[in-house]
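Just so it is clear, the structure is predicted and the values come from calculations on it, not from any experiment. All values below come from the heavy atoms of this structure, side chains included, with hydrogens, waters and symmetry mates left out. Order of appearance sets the numbers: ligands from 1, and atoms from 1 within every ligand.
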Amino acid sequence: MGKVRIGIIGTGYIGNVHARIFAKDERAEISALYDIIHEKAEKTSRAVGGKVCRSREELFENCDAVLVCTPNKTHVEIAVDALGHEKHVFCEKPFAVGLESAKVLLEKAQNSKCKFQVGHNRRYAPVYVKLKEILQSDKPHSAHIKMNRGELKNPAWTGDPSITGGFLYETTIHLFDMIRFQFGEISELVAYGSQHEYPELDEFSIIFKFKNGFHCTFASSSDASWLFPFERMEVFFHHRTVLTQEMEHLIDSNGMDANFETFSWAMLEKEEKWGYAQEDKAFIDAILEDKEPPVTAFDGYKSVEIVESVYKAIRLGEKIVFY
Ligand SMILES: NC(=O)c1ccc[n+]([C@@H]2O[C@H](COP(=O)([O-])OP(=O)(O)OC[C@H]3O[C@@H](n4cnc5c(N)ncnc54)[C@H](O)[C@@H]3O)[C@@H](O)[C@H]2O)c1
């Protein structure tokens, strides 16, 4: 196979992040772009090349792999269409909105010969790779996690649940995937939620228990403030606390005194610090080496299952048990 020809559907913020990364990968080329606002695709093409297409059909004719970078509720329909055209698919998070549509896409992806990768970029961020390394070399007991935003207005549709599916799908799903990645499969959860600033539940307190006995508390607010770090994982061990701050630092306090060691990735370019460059490389690796991508359709499905379970726990006022 020559260069992997990349087609991007949705050339907004994240579509351009990926476009710039793939344009630098010698094994890939940006071959086709499609956006319902034609001028946005034209602008991206001026920066990274690629045929500006008038339809999805035209895009499929001009690429081997499709990046789905459109708003949340459009992902399943577009990804299913791309798989139907026998294209490899990189689908931005969330994998889907709602369990029914997540099942449709999961089945389609698992029955396809094409590669399917979900954009849970944080798994590749050096701070979380380092955290996993520490967790595997020691015995963590519990954790406290938060994922906040200061507002839901940028882009404007992120505050509209009819497009996002809800705040948990837009922001918190990143760390829902992360807790599965770090701590394993969930066995049960309880959750409380309330509504303040936006036309949806926008504050959450959750307790998760995992199949291996690990447990954690998890707080997520859609409009607290932009106080750094917006996301943080604090993991507790025997005489040891490990703390992440955003994707910038990891602090390891190991022992009976208050000493600590700091690991910092603050000076890395954002595309590497946040794992975007690594996930895009992994997608090309999976296609060229015919291997499973690191974040599969099943992982995408499980993250949707966690979101839906939290909403259900709040709606019913009941503990949710996973079998
Ligand atoms: N992994 C991450 O860190 C990350 C970061 C930002 C966004 N995202 C996800 O990426 C997706 C896009 O977010 P964004 O911030 O780039 O949004 P955006 O609004 O900047 O870009 C979306 C683009 O899609 C276009 N579009 C909308 N519907 C379309 C359709 N049916 N066909 C073709 N084009 C269409 C819009 O015109 C727009 O240009 C969302 O699902 C979001 O959750 C992920």
Quiz item: Do side-chain atoms of E170 reach the backbone of P94 as a donor and acceptor pair under 3.5 angstrom?
Solution: no
Practice problem: Using atom types as modelled and distance alone, determine if a side-chain donor or acceptor of Q278 lies under 3.5 Å from a backbone N or O of E272. | Solution: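 At least one qualifying donor-acceptor pair exists.
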Heavy-atom nearest neighbour of [atom] within options [options]:
atom: atom 22 (C) of ligand 1; options: A156, A41, C69; answer: C69
atom: atom 10 (O) of ligand 1; options: I14, I8, V68; answer: I14
atom: atom 41 (O) of ligand 1; options: L33, T74, N72; answer: N72
atom: atom 13 (O) of ligand 1; options: W157, Y13, Y169, W274; answer: W157

Output the list of atoms in ligand 1 that are nearer than 4.0 Å to some heavy atom of [X], sorted by atom number.
X: G12; value: 16 (O), 20 (O), 21 (O), 23 (C), 39 (O)
X: I37; value: 37 (O)
X: H75; value: 41 (O)

Please check if the distance between the ring centroids of [X] and [Y] is under 6.0 Å.
X: F95; Y: F116; answer: yes
X: F236; Y: F214; answer: no
X: F90; Y: H18; answer: yes

Region of [X] that comes within reach of ligand 1 [heavy atoms, distance under 4.0 Å]:
X: T164; value: neither
X: N121; value: side chain
X: R56; value: neither

Quiz item: Looking at F181, is K132 sitting on its ring face, NZ or CZ under 6.0 Å from the six-membered ring centre and within 45 degrees of the normal?
Solution: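 Satisfied, under 6.0 Å and within 45°.
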Among all protein non-hydrogen atoms, which one is nearest to [atom], and what is the separation to 0.1 Å?
atom: atom 9 (C) of ligand 1; value: K93 O, 3.6 Å
atom: atom 28 (N) of ligand 1; value: I36 CD1, 3.5 Å
atom: atom 3 (O) of ligand 1; value: Y276 OH, 2.6 Å
atom: atom 44 (C) of ligand 1; value: E92 OE1, 3.2 Å
atom: atom 27 (C) of ligand 1; value: P71 CD, 3.3 Å
atom: atom 24 (O) of ligand 1; value: G10 CA, 3.5 Å
atom: atom 23 (C) of ligand 1; value: D35 OD2, 3.6 Å
atom: atom 11 (C) of ligand 1; value: T70 O, 3.2 Å

Quiz item: Do E57 and Y34 have side-chain atoms, one donor and one acceptor, less than 3.5 Å apart?
Solution: no
Heavy-atom pair of closest approach, residues [X] and [Y]:
X: A19; Y: I30; value: O-CD1, 3.7 Å
X: V304; Y: A102; value: CG1-CB, 4.0 Å
X: W265; Y: M247; value: CB-O, 4.1 Å

Quiz item: Got C216 and F210 here, is their nearest side-chain heavy-atom distance under 4.5 Å?
Solution: yes
Quiz item: Does an N or O from Y34, backbone or side chain, lie closer than 3.5 Å to an N or O of ligand 1?
Solution: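 No, no N or O pair falls under 3.5 Å.
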